[in-house]
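Single-structure report; data block below.
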Amino acid sequence: MPSSSSLRRRARLLLGSALAATTAVTVLAAAPAAAQTDPITDVGVTDPDSRFDAALATLLRVIYRDEAIETEDPTPRDLEAKADRGCIDAGPADADVPTTVAAIFECRLTEAGVDEAHVDKWTAEALVVAECESLFEADAVVFDGRYLDTAHPNGNRYSAAGVFQFIRATADKWIDGGYANVKDARLNIDAAARLFIHNRNAGLLGWDDWACAAAHDGFKVGSVLPGWPGGPAELPDWVNEYVS
């Protein structure tokens, strides 16, 4: 993943080009005025009426996906789901990780009112994403944890961990107990299910925050999901073992 400074430079260049184009007026007119530092992209907005700064912050949210997860608070329904353990404890207590992924996703999606066909489809996708992200290993840490506190040669630090490889900032927002509990398989999986549902409710595709699906981190060249960039024609047959 490019460094935050290089992303900001790229964003300013892109936005500068957009401002010069005739369509820029429409884009900037639609951008909300920002009044303070953006909490995710760390873009300082000194002029509340600056449409340039507001549009820049919006553009950075699009291209800086590893940090720009979601800036709005979870909906009340999401917060209620986070407070209970009903779906966290779904499935057999001694189940393996794939079975637990299927059980928790099916529970959360059903709880959210998703129809049966999409419950099965998105649960199957969850299995494929989890297998790609961590090989279903609850204690998996990206780069074996070498760059948690020490910078990678590209200048970045990498904290993704657990079944669905939550980075620290996202884990602190979505996992009960935060990043300290990122290796708790059930809490990690449940957070992934709630984040997926939240993304869908926000008008996104659901898997936008996972590199194995969106192939946006500079390391993945293609998605593991059909319909995503570079993705396969269909999901692998093995998922049928876990999806009812």
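For this chain, numbers begin at 1 and follow the sequence in order. Quick note: numbers below take in every heavy atom, side chains included, and nothing from hydrogens, waters or symmetry partners. From a predicted model like this one, the values you see are computed outputs, not experimental measurements.
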When rounded to the nearest 0.5 angstrom, what is the spacing between [atom1] in [X] and [atom2] in [Y]?
| X | Y | atom1 | atom2 | result |
| --- | --- | --- | --- | --- |
| Asp172 | Phe166 | CG | CZ | 11.5 Å |
| Thr170 | Leu195 | OG1 | CG | 7.5 Å |
| Leu225 | Leu235 | CG | CG | 6.5 Å |
| Glu137 | Glu131 | CD | CD | 10.5 Å |
| Arg146 | Phe143 | CZ | CZ | 7.5 Å |
| Ile189 | Ile175 | CD1 | CD1 | 10.5 Å |

**OP:** State, without any angle test, whether Glu133 and Trp210 hold a side-chain donor-acceptor pair at a distance under 3.5 Å.
**Re:**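 No, because no side-chain N or O of Glu133 sits under 3.5 Å from a partner of the opposite role on Trp210.
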Subject >> Side chains of Lys183 and Val141 in contact at under 4.5 Å (non-hydrogen atoms) >> reply: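 Lys183 vs Val141: side chains touch.
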Subject >> Ring center gap for Phe196 and Trp122 short of 6.0 angstrom >> reply: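 Ring-ring flag for Phe196/Trp122: true, centres closer than 6.0 Å.
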**OP:** For residues Phe105 and Phe164, establish whether the separation of their ring centroids is below 6.0 Å.
**Re:**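 Yes - the distance between ring centres of Phe105 and Phe164 falls below the 6.0 Å cut-off.
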Any donor-acceptor pair under 3.5 Å linking the side chain of [X] with the backbone of [Y]?
| X | Y | result |
| --- | --- | --- |
| Gln165 | Ala140 | yes |
| Asn181 | Tyr179 | no |
| Ser159 | Arg168 | yes |
| Arg157 | His152 | no |
| Asn199 | Leu205 | no |
| Arg186 | Thr100 | no |

Between [X] and [Y], which heavy-atom pair has the shortest distance, and what is it?
| X | Y | value |
| --- | --- | --- |
| Pro98 | Leu127 | O-CD2, 3.3 Å |
| Ser223 | Pro232 | O-CD, 3.6 Å |
| Val129 | Ala213 | CG2-CB, 4.3 Å |
| Tyr242 | Trp238 | CD1-O, 3.8 Å |
| Gly162 | Asn188 | CA-ND2, 3.5 Å |
| Val182 | Ala171 | CG2-CB, 4.4 Å |

Original post:
Salt bridge between Asp190 and Arg108, side-chain N to carboxylate O under 4.0 Å?
Top reply: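 Answer for the salt bridge query: yes.
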Subject >> Residues, nucleotides or ligands: over 12 heavy atoms within 6.0 Å of Asp115 CG >> reply: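 Yes, because the 6.0 Å sphere around CG of Asp115 holds more than 12 heavy atoms from other groups.
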**OP:** For a side chain to side chain contact (heavy atoms under 4.5 Å, CB included) with Leu187, tell me which candidate from Ile104, Val163, Asp176 qualifies.
**Re:**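 Among Ile104, Val163, Asp176, the one that satisfies the side chain to side chain contact (heavy atoms under 4.5 Å, CB included) with Leu187 is Asp176.
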